[in-house]
2 protein chains.
Amino acid sequence: MIRVVVADDQTLVRSGFALILGAEPGIEVVAEAVDGAGALAAARHHLPDVVLMDIRMPGMDGIEATRHITSSPITAGVRVLVLTTFAADDYVVAALRAGASGFVLKDTEPADLVRAVEVVAAGEALLAPEVTRRMLDRFARAEKAVLTLPPLTQREHEVLVAVALGLSNLEIADRLVVSYSTVKTHVSHLLTKLEARDRAQLVMLAHRAGLGG
Amino acid sequence: MIRVVVADDQTLVRSGFALILGAEPGIEVVAEAVDGAGALAAARHHLPDVVLMDIRMPGMDGIEATRHITSSPITAGVRVLVLTTFAADDYVVAALRAGASGFVLKDTEPADLVRAVEVVAAGEALLAPEVTRRMLDRFARAEKAVLTLPPLTQREHEVLVAVALGLSNLEIADRLVVSYSTVKTHVSHLLTKLEARDRAQLVMLAHRAGLGG
DNA sequence: ACCCGCCTCGGTCTGGAGAGTGAGAACCCC
DNA sequence: GGGGTTCTCACTCTCCAGACCGAGGCGGGT
């Protein structure tokens with residue numbers, strides 16, 4: 001039996017979801033909440049499998065409540081399924097950062113809502129297709145932003161990584177088991193190839209290229 | 001009518017998927033391919049709505065083929081739904097970077113596979129629950145990884161940002177309209193506070209703290 | 001009035017960074 | 001064998017980075 005808490009400030013919406021879920025044989029709605037604080041309290045008290053959380057609520061909003069639930073050891077294991085009307089980017093990202101396990105739109109078919117609850121209760125995550133598309137776009141854009149480095153030799157690449165870690169030439173020499181002079185040669189080549197002036201710019205470029213975390 | 005190309009090197013698997021999809025009223029399998037090159041050729045020739053793409057294939061693999069399909073203007077609009085046995089992180093990330101619109105596991109129920117094809121054909125994106133979970137974890141980890149800096153004064157913060165950009169002390173002095181000596185003082189304080197040895201480490205720490213892009 | 005933190009500036013001194021040059025060894029390709 | 005690239009190492013020289021010192025102005029808090 002999947003135990004669910006439904007949190008939404010709009011009575012009609014909340015009742016509707018509770019009815020839909022309650023009608024399902026394997027699902028039981030153990031509590032309802034009208035704001036974030038209530039949702040948090042219900043989560044702590046009932047320790048449900050899933051909290052169906054609206055984002056826009058008076059007082060503590062759904063994002064904040066989600067953050068508390070997912071970060072508190074007391075409510076560890078309680079999954080949050082976020083509900084919203086629009087798939088606005090800011091909401092999605094904020095909800096994901098807050099630790100939400102799912103993101104579904106309010107115009108979802110009842111059957112899909114039930115399925116989403118079941119999936120999330122099983123420990124999986126699920127996003128509405130529109131939301132997934134937006135996330136993938138973000139992913140793609142984030143990846144395109146990285147700097148592409150000119151072709152570097154194997155050794156130069158290793159030295160660049162070491163430089164990006166903040167190591168001195170002497171430390172790099174020790175790390176790669178070569179002489180101090182050799183390291184300086186490689187660094188000098190890197191400065192030329194990457195059109196950098198000093199190792200500080202080298203560190204910057206390496207990080208922008210995704211080499212240093 | 002949704003037109004689909006099925007690409008998989010394993011004959012049984014390929015035929016199975018083609019049968020499942022072909023049996024659906026709204027779906028038509030227009031071509032099959034046994035490797036990445038064949039998938040790419042079929043995509044260019046038939047311009048299907050969806051290419052069902054296996055990752056592991058001889059010669060050009062599914063990732064590479066996906067990259068070609070999504071980046072070529074000829075096959076613009078052709079969606080790629082990636083199929084795999086395991087939700088290995090590297091595969092997922094690589095597929096997403098390559099521009100895949102979906103990611104489903106081979107043990108998916110036939111009905112869910114059909115649904116995935118329909119969703120992807122509609123221009124949306126869809127990920128298998130396990131895959132979504134992994135992506136969310138990545139998201140969460142990427143956010144948690146940022147370094148928290150010790151309290152810095154306003155001026156120190158400005159100098160740190162400038163250092164992170166790769167500027168020299170003289171350039172920073174010009175940028176902030178102060179003397180060279182003043183910049184050195186601030187930098188020296190930064191080195192002490194952040195427990196860094198030189199400005200290279202300062203650049204690294206600044207980037208890890210999310211100050212430099 | 002006093003203290004304290006921040007910002008400002010100047011001085012000296014040491015060490016490492018980086019430029020520039022030359023050169024030997026290993027490897028691959030034609 | 002000759003030409004190319006890469007990796008290796010050494011030497012000189014210049015210059016900035018950074019440590020360390022002191023000091024004045026300015027604002028807030030006791």
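Since the structure is predicted, the reported quantities are computational estimates derived from the model, not experimental observations. Chain letters run A, B, ... following the sequence lines, proteins first and then strands; every chain starts at 1.
For B:D112, the salt bridge (charged side-chain N to carboxylate O under 4.0 Å, His left out) partners two or more places apart in sequence, or in a different chain, are A:R115. Residues passing the side chain to side chain contact (heavy atoms under 4.5 Å, CB included) test with A:H45: none are found, sequence neighbours excluded. Evaluation of the side chain to side chain contact (heavy atoms under 4.5 Å, CB included) rule for A:R14 yields A:V6, A:D8, A:T11, A:E32, A:V34 as partners, not counting sequence neighbours. The salt bridge (charged side-chain N to carboxylate O under 4.0 Å, His left out) check on B:R175 picks up nothing, with sequence neighbours excluded. Evaluation of the side chain to side chain contact (heavy atoms under 4.5 Å, CB included) rule for A:A173 yields A:V183 as partners, not counting sequence neighbours. Taking the salt bridge (charged side-chain N to carboxylate O under 4.0 Å, His left out) definition, one finds that B:E158 meets it with B:R155, sequence neighbours left out. For B:E24, there are no side-chain hydrogen bond (donor to acceptor under 3.5 Å, both in side chains) partners two or more places apart in sequence or in a different chain.
Atom CD1 of B:I172 and atom C1' of D:dA17 are 12 Å apart (whole Å). Straight-line distance from the CG atom of B:L190 to the C1' atom of D:dA17: 14 Å, rounded to whole Å.
Pairs of residues two or more places apart, or lying in two chains, never qualify as salt bridge (charged side-chain N to carboxylate O under 4.0 Å, His left out) while including a residue from residues 33-42 of chain A. Applying the salt bridge (charged side-chain N to carboxylate O under 4.0 Å, His left out) test to pairs two or more places apart or on separate chains, those with a residue in residues 183-194 of chain A are A:E156-A:K193.
Near DNA chain D, meaning a heavy atom under 4.0 Å away, the residues from residues 153-162 of chain A are A:T153, A:Q154, A:R155.
When side chains are defined from C-beta on, B:K106 counts as touching B:D54, because their heavy atoms get closer than 4.5 Å.
Comparing the axis of the opening five pairs of the helix from C:dA1-D:dT30 to C:dC30-D:dG1 with that of the closing five pairs yields an angle of 40°, rounded to 10°.
Of the side-chain N and O atoms in B:S179, none sit less than 4.0 angstrom from OP1 or OP2 of C:dT8. For C:dC9, the OP1/OP2 oxygens have no side-chain nitrogen or oxygen of B:S181 closer than 4.0 Å. Dashed line: the shortest gap from a side-chain N or O of B:H186 to OP1 or OP2 of C:dT8 is under 4.0 Å.
Formation of a donor-acceptor pair under 3.5 Å by the B:S15 side chain with backbone atoms of B:L12 is not found in this model.
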Under 3.5 Å, N/O pairs linking protein and nucleotides 15-22 of chain C:
from   : atom 1 : to     : atom 2 : distance (Å)
C:dA17 : OP1    : A:N169 : N      : 3.2
C:dA17 : OP2    : A:N169 : ND2    : 3.4
C:dA17 : OP2    : A:Y180 : OH     : 3.0
C:dG18 : OP1    : A:R199 : N      : 2.5
C:dG18 : OP2    : A:R199 : NH1    : 2.9
C:dG18 : N7     : A:K184 : NZ     : 2.4
C:dG18 : O6     : A:K184 : NZ     : 2.9
C:dA19 : OP2    : A:S188 : OG     : 3.1

